[in-house]
Amino acid sequence: MSRIRTSSGELLIELQRSGGAPLHQQLESGIRARIREGLLRAGAVMPSTRSFADDLGLSRGVVVEAYQQLVAEGYLVSRGGGYTEVAEVAAIAASEVGLVPDGEPRIDFRYSRPDVSQFPRTAWLRSVRRVLNETPYRSLAYLDGRGTIELRTALADYLNRVRGTAARPEHMLICNGFAQGSRLLLKVLAGLGYRCLAVEDPSDDDLRRAAADAGLTAVGVPVLEGGVDVEALDRSGADVVLVTAAHQFPTGAVTSAETRAALVAWAARRDGLVIEDDYDAEFRYDREPVGAIQGLMPDRVAYAGTASKTLAPGLRLGWMILPPRLVQPMSDAKLMDDRGSPVLDQLTFADFVARGEFDRHLRRMRPRYRLLRDTLMERLALRVPELVPMGISAGLHVMTLLPEGLTEAAVKAAALERGLGVYGLAQYWVTPPGPGGLVFGYGGLTVSSVIEGVDLLAEALAAARSASAQA
Ligand SMILES: Cc1ncc(COP(=O)(O)O)c(C=O)c1O
């Protein structure tokens, strides 16, 4: 067992000096395995070939050969100045491959995975430090149910500037993601006498469960090219509607100006409430997203945002802009639920937003995600042109319908046999069975894994088709 020192610490590599594979190969596979296991991280600087050879008692040529091979494979990169480091792509790809539990797909198009390996650790750490140095002790006491004024102020400024909202800090509420915010809101609404929630069909099924838990009836309203069908909404009898207006989940439709105006008119006519789930508007790749509906009628829209797509879902940071009459009941509900979201996380995020780090992070992430999306679109067009992507160029997912004769179950099974995870639409239809389709989440993938994933999908579709022809 030999020890190597890298910039990210010491690692053990086992070399069998006699009777094993050639030493350079053993070295290669040892380093490759450490990268796959996530023990050697992106950017870790490898020892120089000379010192590595000395440490291991090998000739320098053996180490040079191993490094060259790993550079060629994309695991390592040679940098100017003669040093070698672990490649970013390799480390991310490795986290998809090596850290995947048994039975899970090697390449996974599961939706709702942003690239958490890009979490801005350094800038976040600066904010943590500042907060710990500067926060007075009194801020650590029990909280206002709406959250800290620092975060509500920073987010109101950000949202008014970037999303065209009409937010005031006193009408904002910080919650543990949309999951908590929406559950609390539905309970509060049920308590205030609201009865029926309309959701887009198709849409995320979690909300229907939350509605049932709150004692509300949920009805589906079709999504058209320009957003939710407001005539159907009118007929449904619902008094609350949830829309993903900027980028409909999962179809990718964007709510048109006419639909927005019709929703405003519906809310006034019905004395109804619109819940606007603005979950991924920060990522629009062809042009700026249209402003939030909340800006058009702050009194009748409960707007919800989340850090789950932009930073990391594990942060559990979400926010709402509430109509004034819902602020107190929501603040009470939040305090009853958990006494408020963790204060240091709130203050850190406030500092991060107020100093422009959030904008900087988004500017850095947009071209990355855009590249993944473009790669996915190009590869689908090349390898599986029968799958036609829908929706605008935005967000972290793409939806396609399946051609006649192919079922989601058959495609998923054939893909899984090839180590590929693909996901169907079935769970999203409120009124099943809707047409079969696939939702591709690409946020947590790399360019090479998107390409390989689509190639595997092409094989899976062919296999599923021939199986169904034989049946
Ligand atoms: C439609 C939609 N809204 C909101 C969210 C964010 O939820 P949360 O903030 O609870 O992580 C997601 C996450 O996947 C989503 O798909």
Side-chain angles (χ1 to χ4, degrees), residues 108-116 119 147 151 155 159 163 172-187 197-211 213 218 220-221 223 227-228 241-255 274-284 289 292-294 301-321 330 334 337-338 341-342 345-346 349 358 369 390-392 394-399 421 423-425 427-430 438-445:
D108 199 352
F109 280 116
R110 185 184 293 276
Y111 167 66
S112 92
R113 290 190 179 171
D115 188 349
V116 286
F119 184 79
L151 183 52
L155 283 173
L159 294 168
R163 298 295 301 121
M172 297 206 59
L173 178 123
I174 308 304
C175 47
N176 299 344
F178 180 70
Q180 184 191 38
S182 54
R183 284 191 158 260
L184 293 179
L185 181 61
L186 294 179
K187 265 196 211 151
L197 170 74
V199 294
E200 297 161 323
D201 192 5
S203 61
D204 192 355
D205 45 336
D206 284 353
L207 239 289
R208 271 126 54 200
R209 276 192 290 275
D213 292 348
V221 175
V223 177
V228 74
V241 61
L242 185 129
V243 290
T244 44
H247 184 225
Q248 205 274 331
F249 183 82
T251 65
V254 68
T255 298
V274 175
I275 306 175
E276 183 172 21
D277 176 8
D278 205 32
Y279 65 108
D280 72 359
E282 285 85 355
F283 300 124
R284 172 107 199 220
I293 299 176
Q294 192 273 349
V301 177
Y303 170 98
T306 177
S308 291
K309 306 282 175 236
T310 48
L311 281 165
L315 288 179
R316 305 313 305 139
L317 275 168
W319 47 91
M320 302 189 98
I321 311 169
M330 280 294 284
K334 172 71 178 161
D337 207 44
D338 62 6
S341 296
D345 293 350
Q346 291 192 50
F349 188 37
F358 194 42
Y369 288 140
M390 300 171 71
I392 53 165
L396 302 178
H397 75 275
V398 161
M399 179 187 131
Y423 300 87
L425 268 187
Q427 74 191 87
Y428 301 129
W429 291 112
V430 184
L438 298 175
V439 178
F440 297 86
Y442 51 80
L445 296 180

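Both counts, for ligands and for their atoms, begin at 1 and track the order of listing.
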- line: Smallest heavy-atom separation, Leu242 atom then Asp277 atom, equals CD2-CB, 4.3 Å

task: Heavy atoms only: give me the nearest Pro313-Pro114 pair and the separation to one decimal.
output: CD-CG, 3.5 Å

Under a 4.0 angstrom heavy-atom cut-off, which atoms of ligand 1 come close to [X]?
{"X": "Ser112", "value": "14 (O)"}
{"X": "Gly177", "value": "9 (O), 10 (O)"}
{"X": "Ser308", "value": "8 (P), 9 (O), 11 (O)"}
{"X": "Arg316", "value": "8 (P), 10 (O), 11 (O)"}

task: Pick one of side chain, backbone, both or neither for how Tyr279 approaches ligand 1, counting any non-hydrogen atom pair under 4.0 Å.
output: side chain

message: Does any part of the side chain of Pro250, heavy atoms only, come nearer than 4.5 Å to the side chain of Pro202, both counted from C-beta?
response: yes

Taking [atom] as the reference point, the nearest protein heavy atom with its distance:
{"atom": "atom 7 (O) of ligand 1", "answer": "Phe178 CB, 3.6 Å"}
{"atom": "atom 16 (O) of ligand 1", "answer": "Tyr111 OH, 3.1 Å"}
{"atom": "atom 2 (C) of ligand 1", "answer": "Asp277 OD2, 3.4 Å"}
{"atom": "atom 12 (C) of ligand 1", "answer": "Lys309 NZ, 3.9 Å"}

message: Let's go through Leu159 and Ile321 carefully: what are the C-alpha distance in whole Å and the side-chain angles of both, what is the deciding distance for side chain to side chain contact (heavy atoms under 4.5 Å, CB included) to 0.1 Å, and is it a yes or a no?
response: CA-CA 10 Å; Leu159 294 168; Ile321 311 169; 3.9 Å; yes

Within the 6.0 Å centroid threshold, strictly below: His247 and Phe283: no

field: Ion pair Lys334/Asp337, N-O distance below 4.0 Å
entry: no

- prompt: Quick check: does Phe249 get an N/O under 3.5 Å from an N/O on ligand 1?
  reply: no

task: Examine distances only and state if a side-chain atom of Gln346 and a backbone atom of Ser341 form a donor-acceptor pair shorter than 3.5 Å.
output: yes

